J.: 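First, the structure itself, so that you have it in front of you.
Please read all numbers here as calculations on a predicted model, not as lab measurements. By convention in this document, chain letters (A, B, ...) are assigned in the order of the sequence lines, proteins followed by strands, and residues within each chain are numbered from 1.
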Number of protein chains: 2
Amino acid sequence: MAQQTSDNVLLIEALFDIFRNHGYEGTTISLLSEVTGLQKSSLYHHFPKGKEDMLKAVVNYVSMQIHQHIITPLLDTQVKPEKRFSNMITTIKAFYSDGRKNCLLNVLNLGDTKPEINKLQNDDYCAWLEALTQLGKEVGMSKQEAIEWSERFIIILEGTLVIQRLTNNKLTFAKQMEYEQKLLHKYLVQ
Amino acid sequence: MAQQTSDNVLLIEALFDIFRNHGYEGTTISLLSEVTGLQKSSLYHHFPKGKEDMLKAVVNYVSMQIHQHIITPLLDTQVKPEKRFSNMITTIKAFYSDGRKNCLLNVLNLGDTKPEINKLQNDDYCAWLEALTQLGKEVGMSKQEAIEWSERFIIILEGTLVIQRLTNNKLTFAKQMEYEQKLLHKYLVQ
DNA sequence: GACACAATACCGAACGTTCGTTATATTGTC
DNA sequence: GACAATATAACGAACGTTCGGTATTGTGTC
């Protein structure tokens with residue numbers, strides 16, 4: 001497993017940016033070499049097992065980021081639920097560059113899916129769902145309502161990213177996220 | 001432009017199935033050769049300009065299918081709006097094999113997007129939006145409501161496909177489509 | 001129907017290029 | 001001088017593509 005020196009983080013962020021926008025098969029070592037400023041063989045020094053190693057490092061990195069900056073804050077009951085939710089929206093906006101950047105979840109489950117990657121991503125997705133469901137219940141939803149609301153939120157998130165890439169309308173993402181905020185507030189006032 | 005003999009349709013359907021699941025860069029001529037049963041050189045007989053030609057044929061084919069089986073029926077005011085909507089859901093379910101098959105819209109706007117393909121797809125998306133908006137107004141939505149409902153429907157559709165690919169839960173798609181049907185009926189009884 | 005002949009459909013083998021990867025050499029740092 | 005980091009050079013394999021040639025089909029003539 002790659003260790004987390006700050007240089008390494010910069011390197012992985014660069015790889016991440018390519019993988020999320022090109023997918024696994026669309027990402028070439030040459031491209032990664034270009035964007036990192038390292039020669040191809042230098043990349044193999046950091047990731048001896050090659051391309052798949054690079055992908056795994058990225059997926060693990062993103063997984064950590066999600067837990068640290070999204071899921072954990074969502075579960076922090078010392079903060080008001082609506083505040084936690086709006087904090088999450090803010091984090092998400094940054095994470096996806098207001099919808100200009102794609103989601104790894106989407107792009108890595110095309111073609112010949114790698115089971116281990118899929119499992120890791122599915123686990124993260126479930127953890128996110130659970131955290132959201134918890135929050136939903138806190139604002140007064142029934143368990144069933146909360147589950148469906150959570151799933152629908154992430155579906156909207158993923159769908160919005162797809163459509164914004166299609167239309168190039170920078171406002172789509174912001175609009176949908178705003179809509180989700182209002183939707184939560186409706187539950188609050190009930 | 002490829003003409004529409006029934007053999008050609010079968011050929012293009014086979015190409016379509018690969019492109020939608022592997023994306024442009026993930027699709028190889030060898031794979032297309034395998035799935036069509038034609039040798040690589042034979043594929044070049046049908047599509048002299050190669051891979052890009054094959055993609056264009058597929059995109060055009062899908063565009064025609066969408067207009068013929070989705071958009072045109074949506075605008076047929078001789079049928080009740082709710083019936084037209086549920087017909088569309090049925091068509092969509094078949095088109096995406098209950099969520100097991102992916103959407104070209106998603107997969108072709110990754111990496112180095114081809115402007116002409118993007119434009120064609122964006123036009124289809126807009127046409128679909130307009131048809132849905134029209135239907136929304138028929139069931140009593142305000143223009144603004146109808147526009148937002150349409151956009152949200154397609155976002156849900158795309159998002160659902162992403163999540164179902166992630167979780168492999170065959171019910172996600174059906175559940176979300178059912179939810180959308182209920183949502184429309186709420187407007188009807190108002 | 002039989003024949004000639006062009007058009008269409010298909011194939012096997014090879015092309016040059018780029019892929020992911022590796023072996024070897026050079027640099028920088030302690 | 002040891003060791004990590006980067007670079008140069010090359011590898012076999014797969015990529016998309018092209019070409020020469022063979023079946024198969026369609027068409028006009030007798």
Side-chain angles (χ1 to χ4, degrees), chain A residues 1-59 61 104 107-108 110-114 116-117, chain B residues 1-59 61 104 107-108 110-114 116-117:
Chain A
M1 190 74 52
Q3 50 178 349
Q4 293 278 33
T5 73
S6 75
D7 278 2
N8 241 326
V9 167
L10 282 179
L11 178 56
I12 291 184
E13 290 259 18
L15 301 183
F16 174 37
D17 195 55
I18 300 299
F19 275 120
R20 82 199 303 203
N21 279 314
H22 291 261
Y24 184 72
E25 290 161 313
T27 296
T28 67
I29 307 288
S30 309
L31 189 55
L32 294 177
S33 166
E34 249 179 61
V35 80
T36 57
L38 293 176
Q39 292 288 359
K40 295 202 273 177
S41 47
S42 301
L43 283 172
Y44 276 81
H45 175 257
H46 292 274
F47 308 96
K49 290 199 209 116
K51 193 178 175 183
E52 199 145 337
D53 236 22
M54 304 180 202
L55 178 67
K56 280 182 198 166
V58 166
V59 172
Y61 170 75
L104 266 186
V107 92
L108 291 186
L110 296 170
D112 306 319
T113 309
K114 297 169 200 308
E116 32 176 342
I117 301 278
Chain B
M1 192 74 52
Q3 51 178 348
Q4 294 279 31
T5 73
S6 75
D7 278 2
N8 242 323
V9 167
L10 282 180
L11 178 55
I12 292 184
E13 291 258 18
L15 302 183
F16 173 38
D17 195 54
I18 299 299
F19 275 120
R20 81 198 303 203
N21 280 312
H22 292 261
Y24 184 72
E25 292 163 313
T27 297
T28 67
I29 306 290
S30 308
L31 189 55
L32 294 178
S33 166
E34 251 178 60
V35 80
T36 57
L38 292 176
Q39 292 290 355
K40 294 200 275 179
S41 44
S42 300
L43 283 173
Y44 277 82
H45 174 255
H46 292 273
F47 308 96
K49 290 198 210 120
K51 194 177 175 184
E52 198 145 340
D53 236 21
M54 304 180 204
L55 179 68
K56 279 183 198 165
V58 166
V59 172
Y61 170 76
L104 266 186
V107 94
L108 292 185
L110 295 172
D112 306 320
T113 309
K114 298 169 198 307
E116 33 176 343
I117 301 278

J.: Look only at the side chain of A:Thr36 and the backbone of A:Leu32, and say whether a donor-acceptor pair between them is shorter than 3.5 Å.
T.: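 Such a contact is found between A:Thr36 side chain and A:Leu32 backbone.
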
J.: What's the closest nucleotide to the B:His46 side chain, out of C:dC11, D:dA7, C:dA9?
T.: C:dA9

J.: So, OP1 or OP2 of D:dA5: does either fall under 4.0 Å of a side-chain N or O from A:Ser42?
T.: no

J.: Is there side-chain contact between B:Leu55 and B:Ile117, with at least one heavy-atom pair below 4.5 Å?
T.: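 Yes. Closest side-chain heavy atoms under 4.5 Å.
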
J.: Relative to the ring of B:Phe16, is the ring of B:Tyr61 parallel (under 30°), tilted (30 to 60°) or perpendicular (over 60°)?
T.: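 Rings of B:Tyr61 and B:Phe16: perpendicular, as their planes differ by over 60°.
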
J.: What nucleotide among D:dT8, C:dC11, C:dG20 has an atom nearest to a side-chain atom of A:Ser41?
T.: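 That would be D:dT8.
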
J.: Of the options D:dT6, C:dC11, C:dT21, whose atoms approach the side-chain atoms of A:Lys51 most closely?
T.: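 In terms of side-chain proximity for A:Lys51, the closest of D:dT6, C:dC11, C:dT21 is C:dT21.
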
J.: Using atom CG of A:Leu15 as one end and atom P of C:dG20 as the other, report the distance to the nearest whole Å.
T.: 13 Å

J.: Looking at the side chain of B:Thr28, which of C:dT8, D:dC15, D:dT17 is the nearest nucleotide?
T.: D:dC15

J.: Can you tell which of D:dT17, C:dC10, D:dT6 lies closest to the side chain of B:His45?
T.: C:dC10

J.: Round to a whole Å and report the spacing from OH of A:Tyr44 to C1' of C:dA23.
T.: 14 Å

J.: Over how many whole Å does the gap from A:Phe47 atom CZ to C:dG20 atom C1' extend?
T.: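 Answer to the nearest Å: 15 Å.
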
J.: Over all strands shown, is B:Thr27 touching base, sugar-phosphate only, or nothing at heavy-atom distances under 4.0 angstrom?
T.: sugar-phosphate

J.: Are OP1 or OP2 of D:dA14 and a side-chain N or O of B:Ser30 less than 4.0 angstrom apart?
T.: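 Answer is no, no contact under 4.0 Å.
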
J.: What's the closest nucleotide to the A:Lys40 side chain, out of D:dT6, C:dC10, C:dT21?
T.: C:dT21

J.: Whole-Å distance between C:dG20 P and A:His22 NE2?
T.: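 Roughly 13 Å, once rounded to whole Å.
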
J.: Just the rounded figure in Å: distance from C1' of C:dG28 to CD of A:Gln39.
T.: 17 Å

J.: Looking only at atom types and distance, does a side-chain atom of B:Thr27 sit under 3.5 Å from a main-chain N or O of B:Gly23, one as donor and one as acceptor?
T.: yes

J.: Quickly work out the A:Ile29 CD1 to C:dT17 P distance and round it to whole Å.
T.: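 For the pair A:Ile29 CD1 and C:dT17 P, the rounded distance is 21 Å.
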
